[in-house]
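For reference, the structure discussed in these notes is given below.
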There are 2 protein chains.
Amino acid sequence: MPSKPSPITMDAVYTAPGYLFRRMQQIAVSIFVEECSAFDLTPVQYAALVAIHTHPGIDATRLSAVIAFDRSTLGNVIERLESKALIERKPSRGDKRVKLLHLTKSGAAVLRDIMPSVERAQSRMLQPLKPADRKALLALLTQLVDLNNEASRVPLRAEDALEHLGKAG
Amino acid sequence: MPSKPSPITMDAVYTAPGYLFRRMQQIAVSIFVEECSAFDLTPVQYAALVAIHTHPGIDATRLSAVIAFDRSTLGNVIERLESKALIERKPSRGDKRVKLLHLTKSGAAVLRDIMPSVERAQSRMLQPLKPADRKALLALLTQLVDLNNEASRVPLRAEDALEHLGKAG
DNA sequence: TCCATATAGTAAGTATACTGTCAATCATGA
DNA sequence: TCATGATTGACAGTATACTTACTATATGGA
């Protein structure tokens, strides 16, 4: 038998996981930007720098798979990083379509220097919880993101990204 | 003594709570939009509709406090809801600055009809976890968002929002 | 070789999210 | 009452995030 629709209250919003994920993401960005204000880097730009540092000579499409960010969005992010002279784009010899990404000296220095601030930011996000709860939340979240990988518009493909090494350039 | 900086790996990104919150938020939006595609409503627009339904005659500033969304952003959201004829803006008699928000008949109908899809979406987000883990994650997340409320740019002020009732109009 | 298909990067369009700023309006206190 | 400061909604500007479409280029098979 069909159940009567329950009256709509704000709990329909406040207790919904989607709402909590959104709020927490906004809080996380806010904390990150605050801790890292001296470096003028957003969380997305930071992640891109790390990935380019870890995969020198990666191209934009693979970069998007490695950090699971949208390809179109990433184009703009790359532009901003380039205009700040933190990265360089060089044409690939093998494939005229792709542009290979490398950190500049300045980009490598910024990445090195920002790390302590990033770690402070990441700590602050979970700070209000008891240590055991921090571990539990992180474990559950890691698990959930992994299990939901295919549900995301841009699934994480960490493996694919390694193929390019040695092939391009 | 100062510790040597550890080499930067992708784990600096993958295991960071901020990164996991971002990924999970994107997955959540993706699932919501998919389940609710028949209604052409975004998660933010849905939350606004619920809040306006629950607080008829609320103004934009209080609405922003009730759902903890940025005031500037909310202006655009309200515009879109109005252009879809889901809500109405009426001038307040008491205060010439404010515009009071109400659902239209159409808005109330959409809100009633979309609820099952929203609930399916919210379920799907946590589906991959075991039931006990879903409860645990939700509890920790609720706690963390609440404890971090003041760290967010737009803290939730559910109480404030109730004051307006009976005063305005 | 040539054609169909696939891919890389780009661009346009929409929707959040936040920063500032501004004019109009309101509330308060001298 | 009048000057001051606060509030409301609007706007401009920047940065994600995603969709669709487009060009240039690669690649595979007939």
Side-chain angles (χ1 to χ4, degrees), chain A residues 18-19 21-23 25-34 37 40-48 58-65 67-84 89 91-101 152-154 160 164 167-168, chain B residues 18 21-23 25-34 37 40-48 58-65 67-84 89-101 152-154 160 164 167-168:
Chain A
Y19 176 78
F21 289 133
R22 174 181 302 272
R23 287 271 287 137
Q25 210 269 321
Q26 289 176 359
I27 289 166
V29 170
S30 169
I31 290 175
F32 184 104
V33 169
E34 193 179 315
S37 60
D40 188 33
L41 268 195
T42 66
V44 166
Q45 289 166 13
Y46 159 76
I58 197 172
D59 61 272
T61 296
R62 281 171 212 277
L63 179 60
S64 115
I67 51 184
F69 289 167
D70 181 76
R71 221 162 51 105
S72 298
T73 305
L74 206 49
N76 303 326
V77 175
I78 288 172
E79 253 177 43
R80 274 168 226 127
L81 288 175
E82 196 180 22
S83 79
K84 289 193 229 179
R89 268 191 286 200
S92 159
R93 256 188 287 280
D95 189 331
K96 286 183 197 165
R97 292 170 304 177
V98 315
K99 302 182 179 176
L100 306 179
L101 304 171
S152 106
R153 289 281 173 217
V154 188
D160 295 8
H164 83 99
K167 273 208 329 201
Chain B
F21 290 133
R22 175 182 300 273
R23 289 270 287 134
Q25 211 268 320
Q26 289 176 1
I27 290 166
V29 170
S30 169
I31 291 174
F32 184 102
V33 168
E34 194 179 315
S37 59
D40 188 33
L41 268 195
T42 66
V44 167
Q45 289 166 13
Y46 159 75
I58 198 172
D59 61 272
T61 296
R62 281 171 212 276
L63 179 59
S64 116
I67 51 183
F69 291 165
D70 181 78
R71 223 162 50 106
S72 297
T73 305
L74 205 51
N76 302 326
V77 175
I78 288 172
E79 253 176 43
R80 274 169 226 127
L81 288 174
E82 196 180 23
S83 78
K84 289 194 232 182
R89 269 192 285 202
K90 297 178 190 169
S92 160
R93 255 188 287 278
D95 189 333
K96 284 181 198 166
R97 293 169 305 176
V98 315
K99 301 181 179 178
L100 307 179
L101 304 171
S152 106
R153 291 280 173 215
V154 188
D160 295 9
H164 83 99
K167 271 207 331 201

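The interatomic distance linking B/Lys96 (NZ) with C/dA27 (C1') rounds to 15 Å, in whole Å. Rounded to an integer number of Å, the gap from CD of B/Gln26 to P of C/dT16 is 15 Å. Here the C1' atom of nucleotide D/dT16 and the CZ atom of B/Arg23 are 15 Å apart, to the nearest Å. Whole-Å rounding puts the A/Asp70 CG to D/dA15 C1' distance at 14 Å. As a whole-Å value, the separation of A/Asp59 CG from D/dA24 P is 20 Å. Atoms CG (A/Leu41) and P (D/dA15) sit 11 Å apart, rounded to a whole Å. Going from atom CD1 of A/Ile78 over to atom P of D/dA15 covers 15 Å, rounded to whole Å. A straight line from CD of A/Gln25 to P of C/dA15 spans 20 Å, rounded to a whole angstrom.
No engagement by A/Val29 is indicated, since no non-hydrogen atom pair under 4.0 Å with the nucleic acid exists. Among the atoms of the strands shown, only primed sugar atoms or phosphate atoms (P, OP1, OP2) are found under 4.0 Å from some heavy atom of B/Thr61. Counting non-hydrogen atoms under 4.0 angstrom, A/Val33 reaches nothing in the nucleic acid.
A/Asp40 is not listed as a side-chain neighbour of A/Gln45, based on a closest heavy-atom distance of 4.5 Å or more. Looking at heavy atoms from C-beta onward, B/Arg89 lies in side-chain contact with B/Leu101 at the 4.5 angstrom threshold. For the pair A/Tyr19 and A/Arg23, the minimum side-chain heavy-atom distance is below 4.5 Å.
Side chain of B/Val77, nearest nucleotide from C/dG9, C/dT16, C/dC26: C/dT16. Of the candidate nucleotides D/dT8, C/dA15, C/dG9, C/dG9 has the atom lying nearest to any side-chain atom of A/Arg71. Considering only side-chain atoms of B/Asp95, the nucleotide from C/dT16, D/dT8, C/dC26 that sits closest is C/dC26. Among D/dT16, D/dT25, D/dT8, the nucleotide with an atom closest to any side-chain atom of A/Arg97 is D/dT25. For B/Val154, whose side chain is taken as the heavy atoms from C-beta onward, the closest listed nucleotide among D/dA6, C/dC18, C/dT10 is C/dC18.
Summary of the strand contacts: A/Ser30 and A/Glu79 both lie near DNA chain C, and taking for each the nucleotide with the nearest heavy atom, the more 5' one is attributed to A/Glu79. Toward the 5' end of DNA chain C, the nearer of the two residues A/Lys99 and B/Val44, judged by each one's closest nucleotide, is A/Lys99.
For the OP1/OP2 pair of C/dG9 and a distance below 4.0 Å, the side-chain nitrogens and oxygens of A/Arg62 include no atom meeting the criterion. Contact check, A/Gln45 against D/dT16: a side-chain N or O comes under 4.0 Å of OP1 or OP2. OP1 or OP2 of D/dA10 sits under 4.0 Å from a side-chain N or O of B/Arg89.
For the atom pair OG1 (A/Thr73) and CD1 (A/Ile78), the distance works out to 11.0 Å, reported to the nearest 0.5 Å.
Annotation: side chain to side chain donor-acceptor pair (under 3.5 Å) contacts of B/Ser72 (sequence neighbours excluded): none.
Partner B/Asp95 forms a salt bridge (charged side-chain N to carboxylate O under 4.0 Å, His left out) with one of B/Arg97, B/Arg93, B/Lys99 and no other, that one being B/Arg97.
With hydrogens and angles left out, the side chain of A/Ser72 and the base of C/dA11 share a donor-acceptor pair within 3.5 Å.
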